[in-house]
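This report refers to the structure that appears directly beneath it.
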Amino acid sequence: MNIAIILAGGNGNRFLSDTVKFPKQFYEFCRKEVIAYSLETFSSHPKIDKIVVVSNYEYIKKTEEIVSKYGFNKVIGVCPGGITRQASVYSAIDFLSRDPNIGNPNIIIHDAARMLVSKKIISDNIDALEDHDSVATIIGISDTVIEAEDNKIKSTLDRSHVFLMQTPQSFKLDLLRSAHKFAQTLSINDATDDAQLMKLMNKDVFLVMGDKANMKLTTEDDLILLKALLDNQKE
């Protein structure tokens with residue numbers, strides 16, 4: 001079984017902070033809420049069986065309304081998010097763990113702000129879980145990468161060994177739960193992704209390639225590029 005966790009619990013403070021007074025995932029972009037884009041892709045993916053959405057507590061009702069509006073029938077629950085991303089993921093893990101028949105399914109974790117994730121990336125994550133317990137999505141870097149100190153170049157890094165993380169990140173549920181509980185025993189609660197928790201346990205994380213279209217909506221400037229990418233997909 002493949003279960004997607006869509007993270008939509010952030011506040012998006014860097015996005016149109018002067019004009020938009022609600023989280024960016026509910027911003028209407030090209031006549032559709034940001035969160036609806038990734039939900040639509042996961043919902044229509046033939047290998048995704050169920051979806052859990054993690055939302056800011058104050059916007060759970062709004063999230064449920066969007067799920068109902070578009071008929072995302074694979075969504076089995078909307079959970080309250082935590083203070084950190086790590087806490088939000090654990091909220092979904094806890095929700096799933098309440099089902100005594102859940103077993104040890106594949107969990108595919110995705111940021112709602114990455115609204116143009118492709119079905120191929122999702123499929124590549126799921127396929128990789130056939131041979132690996134932990135999978136992360138990455139893209140390469142084309143620019144020169146430096147390490148700086150005191151506004152001066154300290155060293156130039158070998159970009160063939162440097163990548164940018166994207167989502168989805170995918171795991172077996174039992175291992176994901178264990179990683180979160182292990183981090184809690186170490187008082188670590190602010191990991192920026194779940195692959196970091198796997199490395200805490202000395203677990204290997206297999207990498208699959210993402211793409212530049214799977215970018216994260218962060219600031220107003222990103223809307224220009226996302227609009228161009230969306231128009232290109234329609235052609």
Side-chain angles (χ1 to χ4, degrees), residues 4-45 48 51 53-56 58-59 62-63 65-67 69-72 75 81 84-85 88 108-125 136-148 151 157 159-160 162-170 192-193 195 207-235:
I5 295 176
I6 306 298
L7 298 176
N11 292 317
N13 294 327
R14 289 173 288 177
F15 179 73
L16 299 177
S17 58
D18 294 333
T19 56
V20 175
K21 304 301 181 183
F22 51 84
K24 63 187 175 186
Q25 51 268 34
F26 303 110
Y27 178 75
E28 191 168 305
F29 179 69
C30 296
R31 300 183 179 181
K32 189 186 299 182
E33 299 85 350
V34 167
I35 187 177
Y37 283 90
S38 54
L39 274 174
E40 182 175 56
T41 303
F42 276 87
S43 293
S44 61
H45 195 291
I48 294 296
I51 300 172
V53 184
V54 182
S55 174
N56 183 306
E58 297 178 0
Y59 290 90
K62 175 67 173 178
T63 303
E65 289 173 352
I66 292 173
V67 169
K69 173 183 177 181
Y70 294 99
F72 296 139
V75 175
T84 64
R85 182 187 191 281
S88 291
I108 299 90
I109 303 171
H110 186 66
D111 299 327
R114 295 187 185 275
M115 47 191 286
L116 299 186
V117 61
S118 68
K119 288 186 177 180
K120 180 182 184 304
I121 293 176
I122 298 170
S123 293
D124 287 348
N125 270 256
T137 306
I138 60 168
I139 58 171
I141 297 175
S142 56
D143 295 324
T144 297
V145 182
I146 65 167
E147 181 182 7
N151 290 326
L157 305 180
R159 64 188 176 197
S160 67
V162 179
F163 300 88
L164 300 177
M165 281 286 199
Q166 295 188 332
T167 61
Q169 292 186 351
S170 306
T192 56
D193 68 12
L207 302 176
V208 299
M209 294 304 300
D211 59 51
K212 291 184 178 180
N214 188 28
M215 62 180 287
K216 189 174 184 179
L217 173 60
T218 303
T219 67
E220 183 178 4
D221 291 341
D222 296 331
L223 293 173
I224 300 172
L225 181 53
L226 283 165
K227 178 63 164 60
L229 290 167
L230 191 61
D231 288 344
N232 185 61
Q233 288 182 357
K234 294 178 180 178
E235 293 179 356

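In what follows, residues are counted from 1 in the order of the sequence shown.
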Within the distance-only criterion (no hydrogens, no angle test), does the side chain of Gln166 pair as donor or acceptor with the backbone N or O of Asp211 below 3.5 angstrom?
-> yes
Taking every heavy atom of Ser123 against every heavy atom of His45, the minimum-distance pair comes out as OG-NE2, 2.7 Å
Phe26 and Tyr59 aromatic ring geometry - parallel, tilted or perpendicular at 30°/60° bounds = parallel
Over 12 non-hydrogen atoms of neighbours within 6.0 angstrom of NZ in Lys119 | yes
Gly140 and Met209 have their tightest heavy-atom pair at N-CE, 3.9 Å
Glu33 side, atom CD; Leu39 side, atom CG - distance, nearest 0.5 Å = 10.0 Å
Is there a donor-acceptor pair under 3.5 Å between the side chain of Thr137 and the backbone N or O of Pro168?
-> yes
Counting only N and O atoms by type, is there a donor-acceptor contact under 3.5 Å from the side chain of Gln25 to the main-chain atoms of Ala112?
-> no
Close side-chain approach of Leu226 to Phe29, heavy-atom, < 4.5 Å = yes
Going from CG on Asn125 to CD1 on Ile122, what distance comes out if it is rounded to the nearest 0.5 angstrom?
-> 8.5 Å
Is there side-chain contact between Val208 and Ile121, with heavy atoms separated by less than 4.5 Å?
-> no
Sequence neighbours left out, what passes side-chain contact (heavy atoms from CB on, under 4.5 Å) with Asp111? Give chain and number order.
-> Leu7, Arg85, Arg114, Thr167, Lys216
Less than 4.5 Å apart, any side-chain heavy atom of Val53 and any of Ile35?
-> yes
With a 4.5 Å heavy-atom cut-off, do Met165 and Thr192 have their side chains touching?
-> no
Mind checking the SG-CE spacing from Cys30 to Met115? Nearest 0.5 Å is all I need.
-> 7.0 Å
Is Ile6 close to Phe42 at the side-chain level, that is, under 4.5 Å between some pair of heavy atoms?
-> yes
Under 4.5 Å between any side-chain heavy atoms of His110 and Asn214, yes or no?
-> yes
Spell out, as yes or no, whether a donor-acceptor pair under 3.5 Å connects the side chain of Gln169 to the backbone of Ala195.
-> yes
Does the pair Lys32 and Glu40 meet the rule for a side-chain contact (heavy atoms from CB on, under 4.5 Å), with working shown?
-> CA-CA 11 Å; Lys32 189 186 299 182; Glu40 182 175 56; 2.8 Å; yes
For Thr41 and Ser118, which heavy atoms make the closest approach, and how far apart are they?
-> CG2-C, 4.3 Å
Nearest-0.5 Å distance, NZ of residue Lys24 to CG of residue Leu217 = 5.5 Å
side-chain contact (heavy atoms from CB on, under 4.5 Å) against Glu65, all qualifying residues, sequence neighbours excluded = Lys61, Lys62
Minimum heavy-atom distance Ala36-Phe72, with the two atoms named | O-CZ, 3.7 Å
d(Leu229 CG, Leu116 CG) to nearest 0.5 Å is 6.0 Å
